[in-house]
Structures are given as structure tokens and as C-alpha cells.
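What follows is a short report on a single structure.
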Number of protein chains: 2
Amino acid sequence: MQQEVVLALLAKEPSYGYQLRARLRQALGPLGEAMNDGQVYVTLTRLERAGLVTCESAPGTPDRPDRKVYALTAAGQQRVSDWFAEVSWPKPDLAEFHLKLLAAAAARLADPVAIIDAQRRELLRRLRDAQRAEMAEPAGSDGALLLEGIVLRLQADLRWLEACERSWTHRRAQS
Amino acid sequence: MQQEVVLALLAKEPSYGYQLRARLRQALGPLGEAMNDGQVYVTLTRLERAGLVTCESAPGTPDRPDRKVYALTAAGQQRVSDWFAEVSWPKPDLAEFHLKLLAAAAARLADPVAIIDAQRRELLRRLRDAQRAEMAEPAGSDGALLLEGIVLRLQADLRWLEACERSWTHRRAQS
DNA sequence: CAGCAGCCAGATAACCGTTATCCTCTTGCG
DNA sequence: CGCAAGAGGATAACGGTTATCTGGCTGCTG
């Protein structure tokens, strides 16, 4: 999942860990902060062990410490091509929240409607944050496009929360 | 993430592995098929090791094999209450697709617009499936509510894909 | 110039979720 | 009887996340 991203970056040109991190940050915009820096190195070693990349030590400039330059193998090239050909999409993940509501009602430990309200406030907060971040990005940039997707999804989630609230207030009235 | 769900089920009443699996399946509706059966047992052993549940062997009926009945400890109760009080929401995860487009363009190994088209066809297919599954569920049921959320999200994702396509065709025209 | 903060580059380990596979025991059925 | 299917449970391999550690180099400041 993350491996393919790193492979694709290497498909453009061989590179070393820190440079890959920087390119990833730039491509993700403000969301790049959520990414873990160390994971790039973990991923690279695993890719090397899997035979998808090769590593070559390069002394670099005399003032810089040595770096390990990674490059794709033939198998790595194939993997990148396969990735581009494949369709996939993040899973629902709404299920967890849904189960939370059912469990809260069953255990009588919390009010589902109150949980929904708290969740909506949180999502509204995130929506404001995302919209503000979108405004701060230059129009038409990569980061702005990604943030637009986040905003659309948050809005869809908010509408679902309203449906949840209708359903649960109705159940509460019936019980 | 999954631990809290299992804990909350146990908060309603002590239970054993297979029963928990069945209750989870019922609560998730047709999406329950995507759940891994084995994970329930893995989660239970971890919860026991963490001191959140206790396990007691019960001989059950003479014709049934023995089962291990799990129950919440005081620490487990606390954890469930904390979970109900907490707000969280699944991460974006749009980033992976976004990086795929950038990488495809940079490496010149695939056409971003073609990737977007393929993705949209896939999402449209899933949207149809989800809507059909929603119709098959009894109206107002738990499964139907969850599927409604999936549908709303898919529609939001499709609108984002359209924005992506506009952006990328524009870039292609400029290059 | 000395010293220290801070960044570059990389490594390690713990934890968690996913998947696949294996096991025993029981029930139903031809 | 023999066998498939399901109930109930366990295990191992793999991948992603997070936190933390190490050196070496930069640049600022007193």
C-alpha cells in the first residue's frame, strides 16, 4: 500500500531516503505532516529484502554523510506497472462507528444520540479546518485538490450522521 | 480499534468467541462477510493479556465442546466508557490515490486520466452493488443504515474523481 | 572561536490488524 | 458406518504505525 508509492517514486529516478521523504511531503501538501518519517526507511529495507529494489552506497559530497541510493529492479518495475493497472479504494470504515452506536445502546452505557452529536461537532470542526487549509493552498495545486476530496468526504459523512440521528431518535421514541 | 468493539459487546454480557463473531456479523449486515473470523480470538487473547477481560472455561452442555467465556474486568469497563466518550473518525486515505496519479505522471508509465477513468468505473460498480444491497436489506435495519453511509461516501468520492479529472486533463493540455 | 540547537540520514523495536492455515469436536445425512 | 459441514479455537507470517535512538553536519550566538 505504501510500498507501491515508494516504488513509483523510484520509478521516476533512483533516490535515497531523505529525498523520498521530501518528495512525498511536497506531493501531499499540508497532509504530509501526518506521514511518519521513519516509515520510508522501513519500507525501503523491506523492498530490498523482497528484491524489488537494489541499494548502492554513494559517498555523495565530502561534506555530506554517505547515503544509500536505491533503484528499481526489473521485478520492481513490473510491480509499479501492475499498481498503475489496478483499481482499489479505501474500505468503508464507517462500520466502527456503527458498531459503537449499537454497543452503546445494547450496554446502556451511553446515549447513541449523544454520541452522534459529539461526532458531528468533531466532524464540523474538521470540515472547517480542511476548508481553511484548502483556502491557504494555492488554487489548483496538488494539495488543494487533495483537500477538496477530504472536504467532500466529510460532507458525505455529515449527511450520514444526520441519517443516523434520525434512525436512533426514532428507535429511542419507540422503546 | 477493534478491541473496543469486542469490549463493548462483552459489556452487554459475557460471551465466548463464536457468539461474539455471530453478533458482529449480525450487527454489520452484509458487510460482516468482510470481517475476519480469526481476529476475534486474537483480540480476545490480547485483551486478556492486557487485563481488560478475564477468561473462564465453561463445560457448557455435555454435547457441545468446552468454550471459554470472557467477561469484562473493572479496567475493561473503564475502557468501554472512555471509548463511548471519545470522538474519532477514519483517516482520509485519499492520499494514496492522489500519490498514484502524481507518480504515474512523473514516471510517464501510465496516463493519469486513464487511471481516473478506471477508478470511476470501479466506484460506479461498487455504488451499484451497495445500492442493490441496500434495497435487499429491510428498510430501517442496521445493515441498511450502514449501507446508506457507504453510498453517500462513494458518491462523494465520485465527485472528487471528477474534480481530479478536470485538473489532470487541464495539466495534460498545458504540458 | 566554542558551544549548542537543529536538521539530515538511518536504524530498531513494540504493537496492532489482516490473512491464511490448522486443529478438534460435533451434527447431519446417505 | 463414513463423511461433509460447521462450531470453537489457535497459530504464524506479513505490513503499517509509532516512538525512540544514533551520529554527523549545519548554522547561529555569545
Side-chain angles (χ1 to χ4, degrees), chain A residues 1-7 14-26 28 31-53 55-70 79 83 88 90-93 95-96 99, chain B residues 1-7 14-26 28 31-53 55-70 79 83 88 90-93 95-96 99:
Chain A
M1 186 187 256
Q2 211 95 326
Q3 291 197 31
E4 284 83 0
V5 173
V6 173
L7 278 178
S15 189
Y16 53 97
Y18 194 83
Q19 198 176 13
L20 290 174
R21 262 170 51 187
R23 284 162 66 187
L24 271 173
R25 283 187 182 282
Q26 191 209 342
L28 287 176
L31 277 80
E33 308 311 317
M35 187 193 57
N36 187 306
D37 295 336
Q39 184 56 22
V40 171
Y41 303 104
V42 177
T43 302
L44 282 173
T45 61
R46 295 213 254 244
L47 288 174
E48 186 181 9
R49 196 186 38 180
L52 296 174
V53 303
C55 169
E56 193 168 353
S57 262
T61 68
D63 53 342
R64 286 287 183 190
D66 292 0
R67 30 178 90 140
K68 292 160 109 178
V69 173
Y70 290 86
R79 176 86 166 260
W83 186 52
S88 68
K91 301 251 172 147
D93 271 333
E96 188 199 345
L99 287 171
Chain B
M1 188 188 255
Q2 212 96 328
Q3 289 196 30
E4 284 83 0
V5 174
V6 173
L7 278 177
S15 187
Y16 54 97
Y18 194 83
Q19 199 176 11
L20 289 174
R21 262 171 49 187
R23 285 163 67 188
L24 271 173
R25 282 187 181 284
Q26 191 209 341
L28 287 176
L31 277 81
E33 309 312 316
M35 188 194 55
N36 186 303
D37 295 336
Q39 183 58 21
V40 171
Y41 303 104
V42 176
T43 302
L44 282 174
T45 61
R46 285 177 183 156
L47 288 173
E48 187 181 9
R49 199 185 37 181
L52 297 174
V53 303
C55 170
E56 192 169 354
S57 263
T61 68
D63 54 341
R64 286 289 182 189
D66 292 0
R67 27 179 93 140
K68 293 159 109 175
V69 174
Y70 292 86
R79 177 82 167 263
W83 186 52
S88 69
K91 303 251 172 147
D93 271 332
E96 189 198 344
L99 287 172

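From a predicted model like this one, the values you see are computed outputs, not experimental measurements. Chain naming here is simple, since letters A, B, ... match the order of the sequence lines and numbering starts at 1 in each.
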Without decimals, in angstroms, what is the distance between [X] [atom1] and [N] [atom2]?
{"X": "A:Asn36", "N": "C:dC16", "atom1": "CG", "atom2": "P", "result": "17 Å"}
{"X": "A:Glu56", "N": "C:dA9", "atom1": "CD", "atom2": "P", "result": "18 Å"}
{"X": "B:Arg23", "N": "D:dG8", "atom1": "CZ", "atom2": "P", "result": "14 Å"}
{"X": "A:Leu44", "N": "C:dA9", "atom1": "CG", "atom2": "P", "result": "13 Å"}
{"X": "A:Arg49", "N": "C:dT12", "atom1": "CZ", "atom2": "C1'", "result": "14 Å"}

Could you tell me whether the side chain of A:Leu47 reaches within less than 4.5 Å of the side chain of A:Tyr70, counting heavy atoms only? no
For C:dC15, does OP1 or OP2 lie under 4.0 Å from any side-chain N or O of B:Gln3? no
What I want to find out is whether B:Arg79 reaches B:Glu4 closely enough, with some N-O distance under 4.0 Å, to be called a salt bridge. yes
Side chain to side chain contact (heavy atoms under 4.5 Å, CB included) between B:Leu20 and B:Arg23, worked out: CA-CA 5 Å; B:Leu20 289 174; B:Arg23 285 163 67 188; 4.1 Å; yes
Not counting sequence neighbours, list each pair that qualifies as a salt bridge (Lys or Arg N to Asp or Glu O under 4.0 Å) and has a residue in residues 37-49 of chain A. A:Arg21-A:Asp37, A:Arg25-A:Asp37
Show me the protein contacts with nucleotides 9-13 of chain D, counting only N or O atoms at under 3.5 Å.
| unit_1 | atom_1 | unit_2 | atom_2 | d |
| --- | --- | --- | --- | --- |
| D:dG9 | OP1 | B:Lys68 | N | 2.6 |
| D:dG9 | OP2 | B:Gly17 | N | 3.2 |
| D:dA10 | OP1 | B:Lys68 | NZ | 2.0 |

Which pair of heavy atoms, one from B:Tyr18 and one from B:Tyr41, lies closest together, and at what distance? N-OH, 3.7 Å
Taking every heavy atom of A:Val69 against every heavy atom of A:Pro14, the minimum-distance pair comes out as CG1-CB, 4.0 Å
